[in-house]
There are 2 protein chains.
Amino acid sequence: MLERGYAAVSSRRVAGEADLKPQLVHYYFRTMDDLFLAVLRRRAEESLERYGRALASDRPLRALWELTTDPRGAVFTMEFAALANHRKAIRAEIAAYAERVRRMQLDALARVLDGAGISEDDCPPVVALQAMTGIAQVIALEDTLGITTGHDETRAFVERLVDQLEDGAAA
Amino acid sequence: MLERGYAAVSSRRVAGEADLKPQLVHYYFRTMDDLFLAVLRRRAEESLERYGRALASDRPLRALWELTTDPRGAVFTMEFAALANHRKAIRAEIAAYAERVRRMQLDALARVLDGAGISEDDCPPVVALQAMTGIAQVIALEDTLGITTGHDETRAFVERLVDQLEDGAAA
DNA sequence: GTCTATATAATGATAGAC
DNA sequence: GTCTATCATTATATAGAC
């Protein structure tokens, strides 16, 4: 899926990777959609744990930024977003998972902003979160496509801002 | 492509939409990749013109924001991004087109920031551009997936900022 | 430019033996 | 749980007549 796109994921190829017959894929998952859902769920759980650990660290913003700019995550997200675009069950699962992650992130970010003396009126935490993760996701996606203009400057800018905020929160 | 994803675009289905035989699709484009490239190029040219008009208007930032948050564009971008992920020719074409758009946007944004009295040191134009378009793209994409938390607040926040900047530029 | 015909390969999925 | 066998369907693409 990551290397050749979701459309290249067939029962035959999956079976080949595992040195099994294609029929076994259908035995375990029946349809290919069931397989995609299983992959999504496993990955989502892993991702939730990873974000949980990152946000519980002593520099949660920095960890959040680094996790969200990971290009491997970007490819995965893009493939599933494309898949979700025309498969209802997958779309619902992604949305539910995304909202869970966002709530976690929001709690952590609100604490940091509060600690740095930034009020709701200055910038609501939900806006700061959307900004930070949106920028991170697009940078990661663009990197995988070979679009690089402005990335270094943006990374530097955001990372300086993040460090300022977290130093403020520590003080 | 927009309704069912790029993987559902076959010579049979395309021909069916046009009430033609599938072989004619191959007559005009030979391979399906040629067809995807033709679609990409046409759409890219249209998009360049649209951005050109938007950025030449009297409120270029507002126009840029509205164009980039258009959900139709998000689906298109996502499908091609997924396609590009494992087809070299398409990836190169997307990257080249994206860099052209970015240069156009950057010129317009730099003028607005300059007019509003915001220096390179405060915020480099390329960073502001990445932030604004990144946030816009992710909001548009999430909307199509049914993820909506924080969108209203973020839209309001960005739009107020944009209006402040453009009022400052006008003054 | 459009047709018929066809080559070739891959697909998802099931039935039934062991 | 794994196998053999198989079905119906779809896919991309080409050849050659008109």
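Quick note on labels: first sequence line is chain A, next is B, and so on, each numbered from 1.
Distance, Met32(A) CE to dA10(C) C1': 13 Å, rounded to whole Å. To the nearest angstrom, P of dG12(C) lies 13 Å from CG of Asp34(A). Whole-Å rounding puts the Phe36(B) CZ to dA11(D) C1' distance at 13 Å. Atom NE2 in His26(B) sits about 10 Å away from atom P in dA11(D), given to the nearest Å. Between the CZ atom of Arg12(B) and the C1' atom of dT6(C) there is a distance of 12 Å, given to the nearest Å. What separates CG of Leu24(B) from P of dT4(C) is a distance of 10 Å, to the nearest Å. Going from atom CZ of Arg4(B) over to atom P of dA11(D) covers 11 Å, rounded to whole Å. With rounding to whole Å, Leu35(B) atom CG is found 10 Å from dA13(D) atom P.
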Steps toward side-chain contact (heavy atoms from CB on, under 4.5 Å) verdict (Met132(A), Leu61(A)): CA-CA 9 Å; Met132(A) 186 172 154; Leu61(A) 250 58; 4.2 Å; yes
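Which of dG12(C), dG1(D), dC3(D) sits closest to the side chain of Lys21(A) comes down to dC3(D). You'll find that the side chain of Arg30(B) is closest to dT14(D), out of dT12(D), dT6(D), dT14(D).
Looking at heavy-atom distances under 4.0 Å, Val25(B) makes no contact with the nucleic acid at all. Nucleic acid contact for Val14(A): none, since no nucleic acid atom lies under 4.0 Å from a heavy atom of the residue. At a threshold of 4.0 angstrom between heavy atoms, the contacts of Tyr28(B) are confined to the sugar-phosphate backbone, with no base atom among them.
Within a 6.0 Å radius of CD in Glu3(B), no more than 12 heavy atoms belonging to other residues, nucleotides or ligands are found. Atom CD of Glu17(A) sits in a sparse spot, with 12 or fewer heavy atoms from other residues, nucleotides or ligands closer than 6.0 Å.
Classified by interplanar angle (parallel below 30°, tilted 30° to 60°, perpendicular above 60°), the ring pair Tyr6(B)/His86(B) is tilted.
A residue-by-residue look at Gln23(A) and Ala8(A) shows that Ala8(A) has its nearest nucleotide of DNA chain C further toward the 5' end.
Look at Ser10(B) and you won't find any side-chain N or O under 4.0 angstrom from OP1 or OP2 of dT10(D).
A distance-only check finds a donor-acceptor pair linking the side chain of Asp122(A) to the backbone of Ser119(A) [under 3.5 Å].
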